[in-house]
Amino acid sequence: MAHFNEFMNQVISRNPGELEFHQAVREFVESVWSIYEKNPRYKEAKILERLVEPERVIIFRVPWVDDRGEVQINRGYRVQFNSAIGPYKGGIRFHPTVTLSVLKFLGFEQTFKNGLTTLPMGGGKGGSDFSTKGKSDNEIMRFCQSFMTEMARHIGPNTDVPAGDIGVGGREIGYMFGQYKRLKNEFTGVFTGKGLTYGGSVIRPEATGFGAVYFVQHMLNEMGKDVEGLTFSVSGFGNVAWGAIAKINELGGKVVTISGPDGYVYDKDGIDGEKVDYLLELRASNNDIVAPYAAEFGAEFIPGKRPWEQPVDVAIPCACENELNLEDAEFLVKNNCMLVAEASNMGCTADAATFLNKHIVFAPGKAVNAGGVAVSGLEMTQNSMRLNWTREEVDEKLKLIMGNIHETCMRYGKRPNKTDYVIGANVGGFIKVTEAVLAQGVI
Ligand code: 2IT
């Protein structure tokens, strides 16, 4: 392990202060280190040293004018992490917590996640410290246009294909896609998550949540169990939570929590029917709070807390990185939770993930949430073919892909009494990307 520590020290000193990036690299490299050590082909080519270095990082000024006529300045980024297996692919995040470190961790994770999907997509991520909270539609449009005015010169349907992420949904994608088309005078599949009237794919909004639940279904089946009759806690109230909740209901499970920056909602009767649609209204309101749900449906609202203190069978973090810490993990295990699946990227802190992986069944974001980017890949295919598949066709492909990712995790992570999904996902993604990097020489 001495060499591992040396390797990590180098990563830390080359990327000072980038804590989220260090965390993502450490978790990944820990999983693949023994394979790396044993394989002279990988070592001589300095594969790991290359994989932790983004191919390109673009940082730019995003000036715009608010509704009062005041000039505002935000910072924009696109991290083009790895293009070994396809054009850079990954979302755009608009949130005040966006930093270079956050986007590098996300771009790094995205590279291996995309490798797991079996589709030809490299890894990238972008965004800005801009917040849509409290902004008018016109302000959001002006910001998106300014952001795209710079980003347009760095992306393209065969170069880099962004999508949504936290703070970037159908509305923001529409504005950015529109500006790109106007600047380039080209109608191409340069963005995924587009609206259905202009090249978007059915099921893309639901895909991350649906895919996560398909993955959890496979995990449960391995344990001789099923979604039906189980109780779930979910965090967040955006796209991912919404899709997951809808699918859990469809499969006969019950979801009792959602959460926001203001606290969490406990709905003992289950979040189903019109309550699920209400989540879309909450997000569209631009207020970033979940308390109104409790008032609307007579549920309990617990301010300032996270949902992991509630006893459930399965917990699915759907909000953001490091949203479930060791204390939360200990609570869950003590309350007999049997499975935690990250639908958010790096949803658990490092010590929480280690604890959960040791005591119960745990799966990391890059496997669980890959359904989102997988349907983005299917949107790219449909755009290239200039046709649209039906809901049934896309859903069938999404199910197949999630099943394949689960199989990959089993292939590399199967242990005598349970599957180590962290090892399985990291090694599966590593081998796919590494073989492509090796074949293309020192570039
Ligand atoms: O984290 C993710 O995988 C996403 N935000 C989706 C990326 C994509 O290109 O659809």
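Both counts, for ligands and for their atoms, begin at 1 and track the order of listing. What you see is a predicted model, and the numbers here were worked out from it, not measured in a lab. Only this structure's heavy atoms are used, side chains among them; waters, hydrogens and symmetry mates stay out.
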Pair [X] + [Y]: ring centers closer than 6.0 Å:
X    : Y    : result
F187 : F177 : yes
Y214 : H218 : no
F147 : F130 : no
H22  : F105 : no

Taking 4.0 angstrom as the limit and counting only heavy atoms of [X], give me the atoms of ligand 1 inside it, by number and element.
X    : answer
Q110 : 1 (O), 2 (C), 3 (O), 7 (C)
A163 : 8 (C), 9 (O), 10 (O)
K89  : 8 (C), 9 (O)
G91  : 7 (C)

Give the residue, atom name and distance (to 0.1 Å) of the protein heavy atom nearest [atom].
atom                    : answer
atom 10 (O) of ligand 1 : S376 OG, 2.5 Å
atom 4 (C) of ligand 1  : K125 NZ, 3.7 Å
atom 5 (N) of ligand 1  : D165 OD1, 2.9 Å

### Selection from M121, R93, R204 by shortest heavy-atom distance to atom 6 (C) of ligand 1
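Result: the heavy atom closest to atom 6 (C) of ligand 1 is in R204.
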### Short N or O distance, G164 and ligand 1, threshold 3.5 Å exclusive
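Yes, at least one N or O pair falls under 3.5 Å.
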### Query
Is it true that A370 lies under 4.0 Å from ligand 1, counting heavy atoms only?
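No heavy atom of A370 comes that close to ligand 1.
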### Query
For ligand 1, is K113 a contact, meaning one of its heavy atoms is under 4.0 Å away?
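In this structure, K113 qualifies as a contact of ligand 1 - some heavy atom is under 4.0 Å.
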### Query
Does one side chain, of S259 or S235, offer a donor that lies under 3.5 Å from an acceptor on the other?
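The criterion, which ignores hydrogens and geometry beyond distance, is not satisfied for S235 and S259.
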### Query
Between R153 and E150, is the closest basic N to carboxylate O distance under 4.0 Å?
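A salt bridge links E150 with R153.
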### ligand 1-proximal atoms of N345, by part, heavy-atom distance under 4.0 Å
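For N345, the contact with ligand 1 is made by the side chain alone.
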### Plane angle bin for F112 and F108 - parallel if under 30°, tilted between 30 and 60°, otherwise perpendicular
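Perpendicular: the ring planes of F108 and F112 meet at over 60°.
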### Query
Among F28, W33, Y36, whose ring-ring contact (aromatic ring centres under 6.0 Å, His included) with F4 holds?
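Among the candidates, only W33 passes.
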